[in-house]
Amino acid sequence: MPLLVLAYPAISQKDHDWVQSVRAEYDELYCQIVAPHFSIVFPVFDIDQEIFISHIRQQLQGFQAFPFVLRCASLDKDAFNEYTHVYLVPDEGYSNIVKLHDRLYKGPLASDLRLDIPYIPHIGVA
């Protein structure tokens, strides 16, 4: 079973509904099960679940919540298929998300860090 880390940001109901409506209309991969989120650790397959959870908890100790602001949309060609995605990318909070991502990809996840694909913190909308 793949393991991953998603961060579900605290956003207003109005913003949540807007993101979901755009996703429903324009994203062929849209699934109502997964709310608007930032992907922090992408699916990994070669690690024991208990080790994964323990590592993530340890790395999150002392990590504080931070504000973010989304003012920018960006297009990105998917590295794995023919899709092009529309992302909401944070103007504020961007570096905090990158630092969290980098922090979690240490230790047992170090070999899963993809350096050939840039990490762009985002909430996907289409």
- Kindly give the heavy-atom pair with the smallest separation between G124 and V19, and that separation in Å. O-CG1, 4.4 Å
- Query: Pairs in or reaching into residues 42-67: which pass side-chain hydrogen bond (donor to acceptor under 3.5 Å, both in side chains), with residues at least two apart or in two chains?
  - Reply: none
- Item | Nearest heavy-atom neighbours spanning A35 and R23 | C-NH1, 3.6 Å
- Item | CG on L104 to CZ on F63, rounded to 0.5 Å | 8.0 Å
- Any side-chain heavy atom of P90 within less than 4.5 Å of one from F38? yes
- Between the CG atom in L6 and the CD1 atom in I40, the distance rounded to the nearest 0.5 Å is 8.0 Å
- Task: To the nearest 0.5 angstrom, please state how far the NZ atom of K106 sits from the CG atom of L109.
- Result: 12.0 Å
- Note on the structure: d(I97 CD1, H122 NE2) to nearest 0.5 Å is 10.5 Å
- Message: Please determine whether side-chain contact (heavy atoms from CB on, under 4.5 Å) holds for the pair F68 and I11, giving the CA-CA distance in whole Å, both sets of side-chain angles, and the decisive distance to 0.1 Å.
- Response: CA-CA 10 Å; F68 71 96; I11 59 177; 3.9 Å; yes
- Message: Are there over 12 heavy-atom neighbours, none belonging to K77, within less than 6.0 Å of that residue's NZ?
- Response: yes
- Message: Just so I know, are the side chains of V86 and L75 near enough to count as touching, which here means a heavy-atom distance under 4.5 Å?
- Response: yes
- Query: Hey, quick one: are I120 and L113 part of the same hydrophobic cluster, counting side-chain heavy atoms closer than 4.5 Å, chains of contacts allowed?
  - Reply: yes
- Task: For the residue pair D112 and Y105, establish whether any side-chain heavy-atom pair is separated by less than 4.5 Å.
- Result: yes
- Would F52 and L4 show up in the same hydrophobic cluster when neighbours are defined by side-chain heavy atoms closer than 4.5 Å? no
- Shortest non-hydrogen contact between F66 and G93, atoms and distance: CE1-O, 3.7 Å
- Message: Are L88 and P36 packed together at the side-chain level, in the sense that at least one heavy-atom pair is separated by less than 4.5 angstrom?
- Response: no
- Task: Please identify each residue that fulfils salt bridge (charged side-chain N to carboxylate O under 4.0 Å, His left out) with R114, with sequence neighbours left out.
- Result: D116
- Do L115 and V98 belong together in a cluster built from hydrophobic side chains that touch within less than 4.5 Å? yes
- Query: Taking the six-membered ring for Trp, are H85 and Y87 parallel (under 30°), tilted (30 to 60°) or perpendicular (over 60°)?
  - Reply: parallel
- Query: Do the ring planes of Y119 and F42 sit parallel (below 30°), tilted (30 to 60°) or perpendicular (above 60°)?
  - Reply: perpendicular
- Does Y8 OH have over 12 foreign heavy atoms under 6.0 Å away? yes
- Closest approach of Y26 to A126 (non-hydrogen atoms, all atoms of both residues): CB-CB, 3.5 Å
- Distance in Å, I56 CD1 paired with R103 CZ, rounded so as to fall on 0.5 Å steps: 11.0 Å
- Task: Treating Ile, Leu, Val, Met, Phe, Trp and Tyr as nodes and any side-chain heavy-atom pair under 4.5 angstrom as an edge, say whether I117 and L100 lie in one connected cluster.
- Result: no
- Task: Spell out, yes or no, whether Y30 and I33 are grouped together once hydrophobic residues are joined by side-chain heavy atoms under 4.5 Å, including indirect joins.
- Result: no
- Query: Atom CD1 of I47 and atom CG of L3: how far apart are they, to the nearest 0.5 Å?
  - Reply: 7.5 Å
